[in-house]
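Report on the following structure.
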Amino acid sequence: MRGMDGFHIVENPDADAWDELIATQHGHLLQTRAWGELKTRFGWRVTRLALARDDALIAGAQMLVRDLPLGLRFAYVPRGPVADANDHAALTALDDALVAHACACGAFVLRVEPNAFAMPNEILGVPAPTIQPQTTIHVDLTRDLATILAQMKPKWRYNIRLAERKGVTVREGKVCDIGLFYHLLEITRTRDQFAIHSRDYYRAALDLLGECAQLFIAEHAGDALAAIFVTAVGDEAIYLFGASSNEQRERMPNHALHWAAMQWAKARGCARYDLWGLGATTNADESAAHGLYQFKQGFGGTFVQYAGARDVIFSHWKYALYARAVAWRRGALG
């Protein structure tokens with residue numbers, strides 16, 4: 001280890017202490033205990049490593065470990081570690097602990113994807129592909145609702161009002177609405193050609209995240225037109241999943257959904273609304289031609305690019321095998 005400076009590592013600390021650490025250090029959704037519980041139900045093993053000083057947790061990282069085909073074991077820290085970015089000694093000690101634990105559990109690589117806009121100097125490894133969206137748009141929710149609406153593009157304000165005039169209503173969904181949400185997801189998957197999780201995954205996510213998650217459903221005359229799944233942790237709301245019907249799209253249900261979600265997030269004290277990803281491109285100019293970017297940027301937020309990811313490699317031949325398998329899969333999927 002590179003010097004612990006009075007720190008000690010606590011493996012899988014008390015649940016309440018972990019939640020308090022996430023809250024005080026403004027940790028990301030993907031580092032919460034609830035998210036870890038979700039991933040354990042769907043093929044991952046989770047270890048939480050915390051750094052303590054004088055019996056108080058001051059930093060931590062939730063590591064996910066998964067067994068892949070070909071006898072490979074992958075370790076991953078999504079949107080972490082959770083720590084004071086200026087506490088370099090703590091970051092260094094936690095980084096050492098993560099590397100040691102990942103190596104000891106037999107992983108061929110440890111991928112760390114910080115929740116930061118610049119890569120911390122303490123993060124070891126080589127640049128790696130990101131798993132979470134590297135580019136997104138943040139809408140500032142600290143202003144009053146009239147100002148948030150006014151900073152949107154005129155067409156977006158018009159469409160929000162148009163949805164209301166055309167009889168679109170937005171309601172807050174419950175666990176019993178997961179079947180409806182999944183039906184819309186299947187329609188969207190077929191139309192837009194992207195992968196989705198199982199129905200049980202979304203049900204578990206809504207259940208485990210509890211008050212931190214909300215399903216919004218846009219309807220007209222009893223017909224569900226679109227739905228979105230939004231989370232709120234600390235001062236950040238995130239639009240995680242969305243789906244829509246092929247019918248009545250002219251009623252602009254998606255505009256109404258996001259406006260309702262922003263109001264919900266602001267009422268919960270969130271300072272920003274993360275529209276969660278702009279596709280595979282890595283700068284705003286390239287993304288501008290993409291329909292996803294065109295839709296999301298209309299809400300008037302700020303383009304954001306995260307630092308990226310780092311891989312700490314423990315087995316170079318296994319890493320090369322993994323890279324070839326990923327390249328083959330991408331080619332096979334077109």
Side-chain angles (χ1 to χ4, degrees), residues 1-67 73-107 109-116 120-125 131-132 204-213 231-236 238 269 309-310 312 314:
M1 295 252 178
R2 290 175 283 170
M4 290 293 284
D5 292 338
F7 305 130
H8 64 276
I9 295 294
V10 179
E11 186 172 328
N12 295 321
D14 173 77
D16 290 338
W18 183 266
D19 287 344
E20 183 179 354
L21 171 67
I22 296 298
T24 56
Q25 294 292 344
H26 305 287
H28 194 273
L29 165 71
L30 304 190
Q31 285 291 301
T32 63
R33 180 165 52 100
W35 190 263
E37 289 297 316
L38 174 65
K39 305 314 282 187
T40 62
R41 295 191 185 185
F42 295 91
W44 295 84
R45 296 191 301 281
V46 175
T47 299
R48 299 179 188 95
L49 297 178
L51 198 65
R53 181 195 287 136
D54 299 327
D55 296 324
L57 304 187
I58 62 170
Q62 180 165 259
M63 179 190 294
L64 312 179
V65 177
R66 184 162 197 155
D67 289 334
R73 181 167 292 167
F74 184 85
Y76 175 47
V77 178
R79 291 284 194 256
V82 177
D84 180 348
N86 296 314
D87 193 339
H88 301 290
L91 282 168
T92 296
L94 187 56
D95 182 64
D96 280 341
L98 286 168
V99 170
H101 187 84
C103 184
C105 78
V109 67
L110 167 64
R111 181 163 299 174
V112 178
E113 197 166 347
N115 186 35
N121 291 333
E122 292 76 15
I123 301 296
L124 300 176
I131 295 174
Q132 307 308 321
L206 195 59
D207 180 50
L208 289 168
L209 291 168
E211 293 183 356
C212 294
T231 64
V233 172
D235 62 357
E236 182 175 61
I238 302 174
R310 288 284 192 274
V312 179
F314 305 115

Does Glu113 have any side chain to side chain donor-acceptor pair (under 3.5 Å) partners at least two apart in sequence or in another chain, and if so, which? Tyr76

Leu29 CG to Ile238 CD1 distance, which is reported to the nearest 0.5 Å: 5.0 Å

Sorted by chain and number, sequence neighbours left out, side-chain contact (heavy atoms from CB on, under 4.5 Å) with Ala83 holds for Ala59, Leu91

So which atom in Leu51 and which in Ala90 form the shortest heavy-atom distance, rounded to 0.1 Å? CD2-O, 3.3 Å

Shortest non-hydrogen contact from Leu57 to Leu21? O-CD1, 3.9 Å

Once rounded to the nearest 0.5 Å, what's the spacing between atom CG of Leu49 and atom NE2 of His101? 5.5 Å

Taking the side chain as C-beta and beyond, is there a heavy-atom pair between Pro78 and Ile131 under 4.5 Å? no

Got a sec, which residues hit salt bridge (Lys or Arg N to Asp or Glu O under 4.0 Å) with Arg45, two or more places apart in sequence or on another chain? Asp67

Residues at least two apart in sequence or cross-chain that pass side-chain contact (heavy atoms from CB on, under 4.5 Å) with Ala75, listed by chain then number, are Met63, Val65, Ala102, Ala107, Leu110

Going by the salt bridge (Lys or Arg N to Asp or Glu O under 4.0 Å) test, which pairs reach into residues 8-26, not counting sequence neighbours? Asp19-Arg33

Run the side chain to side chain contact (heavy atoms under 4.5 Å, CB included) check on Val99 and Phe314 step by step: do they pass? CA-CA 9 Å; Val99 170; Phe314 305 115; 3.8 Å; yes

Sequence neighbours left out, what pairs pass side chain to side chain donor-acceptor pair (under 3.5 Å) with at least one residue falling in residues 79-90? His88-Glu122

Show me the side-chain donor-acceptor pairs of residues 36-44 shorter than 3.5 Å, one per line, residues at least two apart or across chains.
| residue | atom | partner | partner atom | Å |
| --- | --- | --- | --- | --- |
| Lys39 | NZ | Tyr201 | OH | 3.0 |
| Thr40 | OG1 | Glu37 | O | 2.6 |

State, to 0.1 Å, how close Gly27 and Val233 come at their nearest heavy-atom pair, and which atoms those are. O-CG1, 4.0 Å

Non-neighbouring partners of Phe74 that pass ring pair (Phe, Tyr, Trp, His ring centres under 6.0 Å), sequence neighbours left out: Tyr322

Partner residues of Arg48 under the side chain to side chain donor-acceptor pair (under 3.5 Å) criterion, sequence neighbours left out: Gln62

Which residues satisfy the side chain to side chain donor-acceptor pair (under 3.5 Å) test with Glu236, sequence neighbours excluded? Arg272

For the student: nearest non-hydrogen atoms of Gly80 and Val112, plus distance: O-CG1, 3.7 Å

Kindly indicate whether the side chain of Phe7, heavy atoms from C-beta on, has any atom under 4.5 Å from the side chain of Ile58. yes

Can you measure from CH2 (Trp18) to OG1 (Thr32) and round to the nearest 0.5 angstrom? 10.0 Å

Looking only at heavy atoms, what is the nearest atom pair of Arg73 and Gly106, with distance? CB-O, 3.7 Å

